[in-house]
Novice: 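This is the structure, below, for whatever I ask next.
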Amino acid sequence: MLENTSETSHVFAAVLARVQAALEALVADESLPAGIDRSRVLVEPPRDASHGDLATNAAMVLAKEAGQKPRDLAEAIAEKLRADAWVLRVDIAGPGFINLTLRPAVWREALQAAIAAGSDYARGTAAGSPVNVEYVSANPTGPMHVGHCRGAVFGDALANLLAFAGRPVTREYYINDAGAQVDVLARSAFLRYREALGQDIGPIPEGLYPGDYLVPVGRALAEACGPSLLDKAEAEWLPEVRRIAIDMMMAMIRDDLAALNVRHDEFFSERSLIEGDGDQVGATIATLRAEGKVYQGRLPPPKGAPPEDWEDREQTLFRSTGFGDDIDRPLEKSDGSYTYFASDIAYHKNKVARGFLDLIDVWGADHGGYIKRMQAAVKAVSDGKAALDVKIVQLVKLLRAGQPVKMSKRAGDFVTLREVVDEVGKDAVRFMMLYRKNDAVLDFDLAKVIEQSRDNPVFYVQYGHARAQSVFRNAKAVVPELPTDAAARAALLAAVPLDRLDDPGEIALMRAVAQFPRLIEAAAAAHEPHRVAFYLYELASDFHAQYTRGGKDSPHLRFIIQDDPQLTLARLALVQGVSSVLSVGLGLLGVEAPDEMR
RNA sequence: GCGCUCGUAGCUCAGCUGGAUAGAGCAUCAGACUUCGAAUCUGAGGGUCGGGAGUUCGAAUCUCUCCGAGCGCGCCA
């Protein structure tokens, strides 16, 4: 047994601390200058496993400031590290890498820590500051289509990841219920209302939403109001019709999101900024004006493509150039109403006022040109105290057997999110959306996801988890005392001696499990949930490989050894660790971890 | 014209915030099932990291400049 078991729940952090301790010892020896900057010292897995378990760049990073050659410094550090109880071997390689091989007992204890922690393994405990993640925010004018899908899944997984990493997270949806588009929605719904009352409405006029999804809205209006709205002027019926239509659209959108396993804590109404308690948009502009960040002025017309109806006029401008933007931005339209940007500033100020200094927005690629001005606005309304990270999710190209699927919202024949989820399942949709960096374009081929499901990474990872459960089911023949209940099984396996886990493949698998906390930290810090998906794929791959190694060539490597319950228990502990991490990781992605694939 | 994002194996993509000989999957070729699930595994071939220059011990990663693709450029959201 090693002297400190709590450290082993995060081996990489613990080894970094040990390297830092070695460096401090060198400072005490006056082999290194006092106050040397050690912040860039890292401990990471080496590219090639033959180099050892872990590598540190300490010697290379510190060499210049220490005034020593990297390899000489490496030797001095190595000398200290060789005295460490965890360290089995230290090698110096290449330009000054220090490669560490740990005693296998460290990895075994790391595995035990992982099993004992269960679903809390790798969970961050440090009390981080609250973070607000805004995603989806689709206009409430119709059902969600596949274009919304990626942002929804990405934002949801990112929020899961941040929460798991220890941050208090609020998941938010901004309802764009104040612009011209919701008035169009109201007029479109009114048409369906007349239809529901038996009037012949003919073809849907140009400029209104033609989709059938408004038929039930018309019926609901007819039931609620009877014919009472027919004689009224538009100005009289529109606000009420709009309110009801938006409510029904949002109910539909929530259903769609639920089908994708996406949830929000807060649905924030844009209209509430203007009609709630006071005009927050006006107040925000007034404050900024008082601070000299808003002024009356003129803008030059855009270069290259000047709009036909360009009219040079004095207008209300936000001084975004003072905060890193390229040009100042208008806050009021020519008719005196606020621009979308103006209410968005007020909205983000509202977030800051609610205590969020860390804001994340998930936007579609077509809003990329909007990032600088919004970040400028967040700085301006928070006196530079709040920061906004905008994550852009790129286009999803929906294909069927290589052929693009046409999507036109105007024609009313767009592919809805619900159709895709019903066709391929939420697990496949979610994993495919996350098995790619958010800012890379994604080809999503419906035919491939179904037909080639055997080659689909989501099934590969899920199969890893299912296979592990299968091993547990079969193991009862050798270890009858193995509990069926997962928690009880984990409790038993966390206490099993692991000394006999010494196969290189087994050690590799333990290392992979031990890397999970480090992966979570990095993925959360970078706001990159796709890293979790790739890690899980690799972990599943290591597991499948070890499983197959126990084939006919090496039956002694099977997890279940008929006449050796002790060894079987040790290996079941390994399976438990892998299974547990797969389950937790898939949970973060919002994907099921099934017990069987049949 | 300006701005943002991207360019890595035939195809689809990773590359852990600057590290070692650039990695997976698909496809191709050659192998592994009477026993823990073959939805799996083992191996082989496949590269001017779009081109060029720079920064330093070290660059796919940072800077500049070209080439190419996508998105955006008051009074849409």
Side-chain angles (χ1 to χ4, degrees), chain A residues 40 42 44-48 51 55 57 60-61 63-64 69-70 93-97 99 137 139 141 176 178-182 270 299 301-305 307 309-311 313 315 317 326-327 329-330 332-337 339-341 343-344 364-372 392 394-395 435-437 439-443 445 448 452-457 459-460 462-464 466-467 470-475 477-478 515 518-519 522-523 525-526 528 530-531 534-535 537-538 541 544-553 555 558-562 568 571 575 596-598:
Chain A
R40 290 175 61 219
L42 297 175
E44 50 194 3
R47 187 190 298 280
D48 190 332
H51 290 138
N57 61 355
M60 292 179 292
V61 170
K64 181 177 268 185
K69 287 180 188 169
F97 283 101
N99 292 323
S137 300
N139 288 335
T141 54
N176 300 128
Q181 292 181 6
V182 284
E270 177 185 4
L299 282 180
K303 300 266 186 345
D309 56 347
W310 177 264
E311 162 202 1
R313 67 178 181 93
Q315 52 189 337
L317 295 172
D326 309 308
I327 194 165
R329 306 290 177 176
E332 285 176 10
K333 304 176 191 172
S334 50
D335 68 359
S337 64
T339 61
Y340 179 78
F341 181 48
S343 28
D344 222 0
D366 53 341
H367 294 230
Y370 199 76
I371 297 176
K372 277 190 186 175
I392 290 295
Q394 261 293 354
L395 208 65
Y435 199 62
R436 195 133 325 198
K437 219 163 46 180
D439 53 8
V441 188
L442 165 62
D443 288 338
D445 195 318
K448 271 190 181 174
Q452 302 187 359
S453 61
R454 289 161 185 254
D455 299 327
N456 193 317
F459 295 120
Y460 184 86
Q462 288 184 318
Y463 179 41
R467 223 177 195 183
S470 171
V471 171
F472 292 137
R473 289 192 290 269
N474 286 303
V478 176
Q515 224 169 300
R518 177 178 179 275
L519 180 278
E528 289 182 348
H530 77 275
R531 294 195 199 186
F534 280 92
Y535 166 82
Y537 187 90
E538 282 167 26
S541 175
H544 286 310
Q546 186 63 18
Y547 185 100
T548 310
R549 243 170 242 133
K552 76 170 187 186
D553 291 341
R558 297 160 81 92
F559 296 126
I560 299 169
I561 303 296
Q562 293 302 329
T568 300
R571 289 183 175 165
V575 176
E596 53 184 14
M597 297 298 284
R598 296 182 212 283

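Just so it is clear: chains get the letters A, B, ... in the order the sequence lines come, proteins before strands, and each one is counted from 1. What you are looking at is a predicted structure, and each value in this text was computed from that prediction instead of being measured. FYI, side chains are in, hydrogens and waters are out, and symmetry mates aren't considered; it's all heavy atoms of this structure.
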Novice: For a quick check of understanding: with a heavy-atom distance under 4.0 Å over all strands, which category does Y537(A) fall into, base, sugar-phosphate or nothing?
Specialist: sugar-phosphate
Novice: Can you give the dot-bracket line for RNA chain B, where a pair is Watson-Crick or G-U wobble with both atom distances under 3.5 Å, crossing pairs use [ ], and | marks a partner on another strand?
Specialist: (((((((..((((.....[...)))).(((((.......))))).....(((((..]....))))))))))))....
Novice: Enter the distance from R571(A):CZ to Q546(A):CD here, rounded to the nearest 0.5 Å.
Specialist: 7.5 Å
Novice: For Y547(A), check ring-ring contact (aromatic ring centres under 6.0 Å, His included) against everything at least two apart and list the hits.
Specialist: none
Novice: Report yes if a donor N or O on one partner sits less than 3.5 Å from an acceptor N or O on the other, where the partners are the side chain of S334(A) and the base of rC75(B); otherwise report no.
Specialist: yes
Novice: Generate the contact string for nucleotides 8-18 of chain B. Rules: B means base contact, S means sugar-phosphate contact only, - means no protein heavy atom under 4.0 Å.
Specialist: ----SSSSBB-
Novice: Please give, in whole Å, the distance from rA27(B) P to D445(A) CG?
Specialist: 14 Å
Novice: Rounded to the nearest angstrom, tell me the gap between atom CD in Q394(A) and atom C1' in rU5(B).
Specialist: 7 Å
Novice: Given atom CG of N456(A) and atom C1' of rG25(B), what is their separation to the nearest angstrom?
Specialist: 11 Å
Novice: Assign the ring pair Y460(A) / Y537(A) to parallel, tilted or perpendicular, where the plane angle (0 to 90°) is split at 30° and 60°.
Specialist: parallel
Novice: May I ask you to check whether N139(A) and Q181(A) show a side-chain donor-acceptor distance below 3.5 Å?
Specialist: yes
Novice: Tell me the closest heavy-atom pair linking V478(A) and I561(A), and the distance in Å.
Specialist: CG1-O, 3.5 Å
Novice: Base of rU17(B) relative to its sugar, syn (within 90° of 0) or anti?
Specialist: syn
Novice: Distance check needed: rU42(B) P versus Q546(A) CD, whole Å only.
Specialist: 11 Å
Novice: Quick one: is S470(A) getting a side-chain N or O under 4.0 Å of the rG37(B) phosphate, OP1 or OP2?
Specialist: yes
Novice: Under 4.0 Å: is that the gap between some side-chain N or O of R467(A) and OP1 or OP2 of rA38(B)?
Specialist: yes
Novice: Could you tell me how far apart K372(A) (NZ) and rC2(B) (P) are, to the nearest whole angstrom?
Specialist: 14 Å
Novice: Calculate, to the nearest 0.5 Å, the distance between atoms CZ and CE belonging to F459(A) and M597(A) respectively.
Specialist: 6.0 Å
Novice: Do side-chain atoms of T339(A) reach the backbone of P330(A) as a donor and acceptor pair under 3.5 angstrom?
Specialist: yes
Novice: Using only side-chain N and O atoms of Y547(A), determine if any of them is under 4.0 Å from OP1 or OP2 of rC33(B).
Specialist: no
Novice: Start at the 5' end of RNA chain B and walk down; is the nucleotide closest to D366(A) or to E311(A) reached first?
Specialist: D366(A)
Novice: Once rounded to the nearest 0.5 Å, what's the spacing between atom CD of E332(A) and atom CZ of F341(A)?
Specialist: 13.5 Å
Novice: Find out whether E44(A) and R518(A) are in side-chain contact, i.e. whether some heavy atom of one side chain is under 4.5 Å from a heavy atom of the other.
Specialist: yes
Novice: For the pair made of CG in D326(A) and P in rG72(B), what is the distance, rounded to whole Å?
Specialist: 17 Å
Novice: Need to verify one output field. Residue with the more 5' nearest nucleotide on RNA chain B, P330(A) or G368(A)?
Specialist: G368(A)
Novice: Separation of Y460(A) atom OH from rG25(B) atom C1', in whole Å?
Specialist: 10 Å
Novice: Does rC49(B) fall in syn (glycosidic angle within 90° of 0) or anti?
Specialist: anti
Novice: Rounded to the nearest Å, what distance is computed from the CD1 atom of residue I371(A) to the C1' atom of nucleotide rC73(B)?
Specialist: 14 Å
